[in-house]
Amino acid sequence: MSDATLAELMITAASETWRNNGELLASGITTIPRLGASLAKMTHSPELLMTDSEAYLVSEPAPLGPRAADYVPKFEGYMSFDRVFECVWGGKRHAMIGPTQIDRWGQTNLSCVGPDYAKPKSAVLGVRGLPGNSINHINSFFVPAHNTRVFVAGEVDMVSGVGYKAERWGAGMKRDYADIRVVVTDLCVLDFGGPDHAARVISLHPGVTFEQVQAATGFPLIAIDNLGETALPTAEQFAIIRKLDPHNMRGMVLKGNPPAIKAAA
Amino acid sequence: MTFTKQKTAAEAIAELRDGMTIGIGGWGPRRKPMALVREILRSPLRDLTIVSYGGPDVGMLCAAGKVKKLIFAFVTMDAIPLEPYYRKARESGTIQIEEYDEGMFEWGLRAAGMRMSFLPTRCGLATDVLAKNPRLKTIASPYDDGEVYVAMPALKLDAALIHVNESDKIGNTLLRGHDVFFDNLFARASSHTIVSTEVLHDRLTVDAETAKQNAFERYLVQTVVHAPCGAHPTYLGPNYGLDMDHLKAYNASASEEGGWQKYADEFVNVGEEAYLAKVGGAERVSKLKLPVY
């Protein structure tokens with residue numbers, strides 16, 4: 001679909017990270033990650049578990065926003081918050097959230113920004129579930145505006161989610177369950193699969209160059225061999241996305257809702 | 001049994017003291033005991049340590065200068081992700097904080113309820129939750145694995161505030177929403193629990209299916225307050241949804257000069273009866289649409 005929007009391309013890219021995960025809880029938090037998880041379940045990975053984003057497991061992803069009066073979610077089980085924690089601690093989950101900052105070690109911050117923790121320049125949400133999620137199960141991230149304020153040069157201001165920085169890990173602490181998969185941004189898809197978990201660009205969105213991504217990132221990136229383009233949604237994927245998001249909430253995530261393939265200048 | 005635990009909100013809040021550690025049930029903008037929170041706002045109480053999965057409860061208490069210390073994992077109003085008065089307090093450095101992972105927070109309440117000093121967890125290791133909190137210590141497994149955990153300290157509460165759908169006068173309660181959140185653990189962690197309720201019964205007599213909606217025992221409840229619409233403007237399933245208009249106005253007040261004082265004068269200081277009338281009465285509140293997440 002060459003007329004897809006960038007948001008739709010990002011949803012499609014996000015869905016790929018839930019491929020071959022097996023039977024686990026797919027938690028996409030906020031519009032694009034949630035649509036990505038939903039698309040994965042509706043296409044290549046029906047074995048995924050999902051919730052209605054409140055308290056129930058559903059066998060079919062619930063559409064976003066106001067629903068038709070006769071819509072009844074297809075409940076298949078219960079997943080209250082205390083059960084989500086039980087699931088997290090058992091490791092059977094792959095979450096995708098949008099952190100405020102990400103550093104070269106894959107550490108994330110959702111708490112506050114600025115050098116002084118006691119008096120931060122900007123208070124965000126708090127660490128939420130990031131410390132527990134990041135040390136217990138698979139995590140991926142979503143960045144709607146790829147820039148050096150998000151991908152910081154040094155360490156994130158308040159390390160909320162764990163990463164691969166060796167100095168942070170004391171003797172006896174179990175690192176084995178920490179597993180960062182991908183970061184889907186408005187420019188590219190990254191992972192931490194380089195030497196010593198160095199960040200790599202694994203695909204570029206149409207019309208974006210590696211140099212452009214590097215300039216928008218506060219730390220050095222590696223390009224994988226034969227670096228290619230992020231796939232556009234197929235007609236089938238596009239139809240499913242539209243069904244899952246009938247009110248086009250995906251169109252409000254990125255500034256100006258740009259097309260995936262930028263018009264020639 | 002002829003005894004009753006029923007009190008007015010003002011009597012219930014008068015049982016609290018300056019400097020207490022107070023847990024608040026609910027989650028973000030969901031099922032918060034707001035009538036009790038407003039009663040604290042009207043009281044002379046100060047220097048409180050607030051323990052909460054935070055929403056507008058935390059924001060309002062911060063705005064009114066009631067909070068000395070906040071023990072939290074987040075503060076949010078969901079549809080309005082950033083809580084404006086929490087941010088002001090946090091960014092001005094006027095409140096002390098203890099920040100935990102959501103699950104560690106649960107563990108702390110659980111430890112307190114079980115009368116343990118701590119519970120071990122992996123959550124928090126290798127993050128600034130550990131590095132920036134001098135109270136937190138680690139502990140090594142005494143078994144062959146020797147794994148190192150965070151020893152999450154008990155979050156002992158002097159008092160807990162919880163809003164329920166139904167209660168009787170001796171503290172048998174029903175939570176009828178989709179999720180009890182961690183209110184059962186707030187009740188267990190606290191030596192004094194004040195429950196506010198939409199519907200007050202003399203004595204609760206229910207069928208077995210309904211009895212499953214009872215999340216904690218009545219011996220954990222010391223005080224019962226009848227507070228219809230007592231979670232407003234937060235979401236109380238299945239009775240009423242978020243009052244987005246009200247939350248938007250509250251949120252906007254934070255960007256005005258003297259905005260909190262204006263909000264407090266209009267909605268809080270007038271008393272609960274006038275509050276309810278100002279937000280449209282029980283009739284309007286009962287019609288607030290349930291949220292779709």
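When reading the values below, keep in mind they use all heavy atoms of this one structure, side chains included, and skip hydrogens, waters and symmetry mates. The sequence lines fix the lettering, A, B, ..., with proteins before strands; numbering per chain opens at 1.
- Between atom CZ of residue A/Phe85 and atom OG1 of residue B/Thr121 there is a gap of 11.0 Å, rounded to the nearest 0.5 Å.
- In this structure, CG in A/Asp82 is found 11.0 Å from CZ in B/Phe181, a value given to the nearest 0.5 Å.
- Using a 4.5 Å cut-off between heavy atoms, B/Ala131 contacts chain A through its side chain alone, with no backbone atom that close.
- A distance of 7.5 Å separates OG in A/Ser122 from CG in B/Leu82, rounded to the nearest 0.5 Å.
- Looking only at side-chain heavy atoms (C-beta outward), A/Asn136 and B/Cys123 come within less than 4.5 Å of each other.
- Figure legend: cation-pi geometry between B/Arg90 and A/Tyr117, with NZ or CZ positioned under 6.0 Å from the six-membered ring centre and within 45° of its axis.
- The number of heavy atoms from other shown groups lying within 6.0 Å of OH (B/Tyr293) is above 12.
- Heavy atoms closer than 4.5 Å to chain A are found in the side chain of B/Val292, but not in its backbone.
- Of the listed residues A/Gly126, A/Gly170, A/Pro131, the one with more heavy-atom pairs under 4.5 angstrom with chain B than any other is A/Pro131.
- Using a 4.5 Å cut-off between heavy atoms, A/Thr51 makes no contact with chain B at all.
- Annotation for A/Asp176: atom CG counts as buried by contact number, over 12 foreign heavy atoms lying within 6.0 Å.
- Between A/Trp89 and B/Gly103, the shortest heavy-atom distance links the atoms CZ2-CA, 3.6 Å.
- For chain B, the option among A/Gly161, A/Ala118, A/Pro73 with the highest count of heavy-atom pairs below 4.5 Å is A/Ala118.
- Between A/Asp157 and B/Lys132, the shortest heavy-atom contact is O-CE, 4.1 Å.
- Heavy atoms of A/Leu125 lying under 4.5 Å from chain B belong to its backbone as well as its side chain.
- With a threshold of 4.5 angstrom between heavy atoms, A/Lys165 does not approach chain B through any atom at all.
- Neither the backbone nor the side chain of A/Ala62 comes within contact range of chain B; no heavy atom of the residue lies under 4.5 Å from a heavy atom of that chain.
- Contact of B/Tyr100 with chain A is made through the backbone alone, with heavy-atom distances under 4.5 Å.
- Proximity to chain A (any heavy atom under 4.5 Å) is shown, for B/Tyr149, by neither the backbone nor the side chain.
- Interface residue A/Val124: backbone and side-chain heavy atoms are both found under 4.5 Å from chain B.
- Within the model, atoms OH of B/Tyr53 and CZ of A/Arg128 stand 10.5 Å from one another, a figure rounded to the nearest 0.5 Å.
- When heavy atoms are compared at a cutoff of 4.5 Å, A/Arg83 does not approach chain B at all.
- For the pair B/Glu147 and A/Lys174, the salt-bridge criterion is not met [side-chain N within less than 4.0 Å of a carboxylate O].
- The candidate with the highest count of non-hydrogen atom pairs below 4.5 Å against chain B, out of A/Met158, A/Arg34, A/Arg67, A/Glu167, is A/Met158.
- Only the side chain of B/Ile97 comes within contact range of chain A, judged by heavy atoms closer than 4.5 Å.
- Considering only heavy atoms from C-beta on, A/Ser160 stays 4.5 Å or farther from B/Glu99 through its side chain.
- In this structure a side-chain-to-backbone donor-acceptor pair under 3.5 Å is present from B/Asp101 to A/Gly132.
- For chain B, the nearby parts of A/Ser111 are the backbone and the side chain; heavy atoms of each come within less than 4.5 Å.
- Between the side chains of A/Arg168 and B/Thr127, no donor N or O sits under 3.5 Å from an acceptor N or O.
- In terms of modelled atom types and a separation under 3.5 Å, the side chain of B/Arg87 and the main chain of A/Ala123 share a donor-acceptor contact.
- Within a 6.0 Å radius of NZ in B/Lys88, more than 12 heavy atoms belonging to other residues, nucleotides or ligands are found.
- At a 4.5 Å heavy-atom cutoff, the contact between B/Glu106 and chain A is made by side-chain atoms alone.
- No more than 12 heavy atoms of other residues, nucleotides or ligands shown are found within 6.0 angstrom of NZ on B/Lys156.
- Note: A/Tyr56 and B/His178 have perpendicular aromatic rings, judged against thresholds of 30 and 60 degrees for the angle between ring planes.
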